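Throughout, numbering of the chain's residues begins at 1 and tracks the sequence. Just so it is clear, the model here is predicted, and its values are computed rather than measured.
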Amino acid sequence: MNVVIVEDEQLAVERLEQLLRDIDPTIQVLTSIDTVKEAAAFLSSHKDNIDLVFLDIQLADGKSFEIFTKIDFNKPVIFTTAYDQFAIQAFKLNSIDYLLKPILYDELQAAINKFKGLKSSINDASPINQQVILDLINGKSTYKQRFLVKMGTRIQYRNTTDVSLFYAEDKICHLFTSDGKKYLIDHTLEVLENDLLDPKLFFRVSRQAIVNINAIKEARTDFNRMEILLNIPLGDNLVVSRSRVKEFKDWLNG
């Protein structure tokens with residue numbers, strides 16, 4: 001079986017590849033792709049060699065539903081995402097299954113078995129509902145519920161509500177949980193701020209940091225300088241960029 005993984009989180013790609021190897025060593029991952037543009041091009045040119053596609057809904061350059069507005073592609077799809085609002089809509093696109101990340105072994109195995117059972121009856125000529133696609137593209141996204149994190153060779157997940165701080169240094173981004181533990185993640189602060197985090201709960205205080213309002217113990221001002229003391233050990237307090245002090249105060253005030 002030849003599969004393609006369309007996913008913009010490298011940790012999620014590694015986890016899915018490992019699970020597929022554990023479930024069925026004969027499964028061959030042809031490639032992993034992280035953008036709508038590249039996925040549309042590859043799926044269009046290689047569709048005769050593809051048996052199944054694992055498709056994350058939110059990609060680096062948009063929602064993966066946009067792929068189906070660019071190409072004629074009716075191969076079976078298993079959607080994988082952290083955004084459970086899309087479950088019903090995903091099935092309307094004739095998908096085989098829908099898996100909520102982080103993907104669990106038993107659920108993935110059931111989806112693979114379902115695909116194998118339906119393979120002989122899948123109709124490649126079945127049209128994809130274009131109106132459903134447009135509705136999904138134009139619809140409002142929910143915010144990310146959890147993040148995959150890497151601990152040595154292990155991949156786990158942490159709920160967004162348990163994250164106190166996102167901090168970037170030398171283009172490497174980490175999250176800090178409410179118990180003070182630090183984990184590497186794939187996302188940039190720009191993507192976190194603009195696409196993934198609820199702005200009512202998270203605020204970008206500087207180029208390096210995004211804080212959870214529930215992690216703030218107190219804020220201290222000294223002339224035009226504002227520092228934030230969090231309820232996790234960091235060593236140094238966070239400094240709010242001067243250009244963001246007023247906006248930060250407004251955010252704290254609700």
Side-chain angles (χ1 to χ4, degrees), residues 3 5-23 27 29 32-35 53-60 63-64 77-87 90 95 97-112 141-169 171-204 209-215 230-234:
V3 307
I5 299 174
V6 183
E7 165 66 64
D8 65 347
E9 291 186 59
Q10 185 57 35
L11 294 181
V13 173
E14 294 173 9
R15 178 182 175 87
L16 181 53
E17 288 179 337
Q18 183 59 58
L19 288 174
L20 289 172
R21 286 193 294 268
D22 293 342
I23 290 170
I27 293 176
V29 177
S32 62
I33 308 168
D34 63 0
T35 66
V53 178
F54 287 91
L55 194 62
D56 184 23
I57 291 177
Q58 187 67 51
L59 299 176
K63 295 187 181 72
S64 61
V77 171
I78 294 178
F79 284 101
T80 63
T81 185
Y83 301 87
D84 55 6
Q85 75 168 110
F86 293 110
S95 65
D97 211 336
Y98 176 93
L99 300 174
L100 191 63
K101 294 191 295 185
I103 297 172
L104 302 178
Y105 179 94
D106 291 343
E107 293 178 356
L108 177 59
Q109 186 175 49
I112 293 295
S141 297
T142 55
Y143 301 110
K144 193 167 179 64
Q145 300 299 306
R146 48 191 163 269
F147 289 87
L148 286 175
V149 298
K150 196 164 187 178
M151 303 173 61
T153 59
R154 296 177 296 159
I155 296 175
Q156 299 182 354
Y157 74 93
R158 295 293 179 267
N159 292 324
T160 305
T161 52
D162 293 331
V163 178
S164 295
L165 171 72
F166 294 94
Y167 194 86
E169 191 172 15
K171 297 184 179 181
I172 298 175
C173 189
H174 294 87
L175 66 77
F176 292 77
T177 53
S178 55
D179 57 1
K181 294 182 179 179
K182 176 181 176 182
Y183 302 95
L184 176 69
I185 60 173
D186 285 335
H187 303 288
T188 64
L189 290 188
E190 285 70 26
V191 171
L192 291 169
E193 178 185 21
N194 296 326
D195 300 324
L196 304 182
L197 298 177
D198 184 348
K200 293 181 180 179
L201 296 178
F202 291 90
F203 186 89
R204 187 167 184 178
I210 297 176
V211 298
N212 185 334
I213 193 168
N214 296 310
L230 300 183
N231 52 24
I232 59 172
L234 282 181

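A donor-acceptor pair under 3.5 Å is absent between the side-chain atoms of Asn159 and the main chain of Thr161, judged by distance alone. Although no hydrogens or angles enter the test, the distance criterion places a donor-acceptor pair under 3.5 Å between the side chain of Asp186 and the main chain of Gln10. One N or O on the side chain of Thr160 and one on the backbone of Arg146 form a donor-acceptor pair closer than 3.5 Å. Between the side chain of Asn212 and the main chain of Val163, a donor-acceptor pair closer than 3.5 Å is present. Ser64 contributes a side-chain N or O that, together with a main-chain N or O of Asp56, makes up a donor-acceptor pair within less than 3.5 Å.
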Steps toward ring-ring contact (aromatic ring centres under 6.0 Å, His included) verdict (Phe166, Phe202):
CA-CA 9 Å; Phe166 294 94; Phe202 291 90; 5.7 Å; yes

Could you walk me through whether Phe176 and Leu230 satisfy the side-chain contact (heavy atoms from CB on, under 4.5 Å) test, starting with their C-alpha distance in whole Å, then the side-chain angles of each, then the deciding distance to 0.1 Å, before giving a yes or no?
CA-CA 11 Å; Phe176 292 77; Leu230 300 183; over 6 Å; no

Verdict with supporting geometry, Tyr105 and Ile23, side-chain contact (heavy atoms from CB on, under 4.5 Å)
CA-CA 8 Å; Tyr105 179 94; Ile23 290 170; 3.5 Å; yes

Let's go through Lys144 and His187 carefully: what are the C-alpha distance in whole Å and the side-chain angles of both, what is the deciding distance for side-chain contact (heavy atoms from CB on, under 4.5 Å) to 0.1 Å, and is it a yes or a no?
CA-CA 12 Å; Lys144 193 167 179 64; His187 303 288; 3.8 Å; yes

Take Arg204 and Glu190 through the test side-chain contact (heavy atoms from CB on, under 4.5 Å) and record every step on the way to the result.
CA-CA 9 Å; Arg204 187 167 184 178; Glu190 285 70 26; 3.1 Å; yes

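Aromatic ring centres of Phe147 and Tyr183: separated by at least 6.0 Å.
To the nearest 0.5 Å, atom CG of residue Asp8 and atom OG of residue Ser32 are 11.0 Å apart. Atom NZ in Lys182 sits 12.0 Å away from atom OG1 in Thr177 (nearest 0.5 Å). Within the model, atoms CD of Gln109 and CG of Asp22 stand 10.0 Å from one another, a figure rounded to the nearest 0.5 Å. The distance from the CD atom of Glu193 to the OG1 atom of Thr188 is 9.5 Å, given to the nearest 0.5 Å. If you take CD1 on Ile210 and CG on Leu189, they are separated by 4.5 Å, rounding to the nearest 0.5 Å.
Looking only at side-chain heavy atoms (C-beta outward), Leu20 and Ile112 come within less than 4.5 Å of each other. Residues Ile185 and Val149 meet the side-chain proximity criterion, which asks for heavy atoms closer than 4.5 Å. Using a 4.5 Å cut-off on side-chain heavy atoms (C-beta onward), Glu7 and Thr80 make contact. A heavy-atom distance below 4.5 Å is found between the side chains of Cys173 and Leu192. Counting heavy atoms from C-beta outward, Tyr143 and Leu201 have side chains that stay 4.5 Å or more apart. A 4.5 Å side-chain heavy-atom check between Ile33 and Leu59 finds every atom pair outside the cut-off.
Heavy-atom minimum distance, Asn231 versus Ser164: OD1-OG, 4.3 Å. The shortest non-hydrogen separation linking Leu11 to Leu184 is CD1-O, 4.0 Å. Here the closest heavy-atom approach between residue Gly180 and residue Pro233 is recorded as CA-CD, 4.5 Å. Minimum heavy-atom separation, Ile78 to Ala111: CD1-CB, 3.8 Å.
Inspection of the Arg15 and Gln18 side chains reveals no N or O donor paired with an N or O acceptor under 3.5 Å.
Looking at Glu107 and Lys101, no side-chain N of the basic residue comes within less than 4.0 Å of a carboxylate O on the acidic one, giving no salt bridge.
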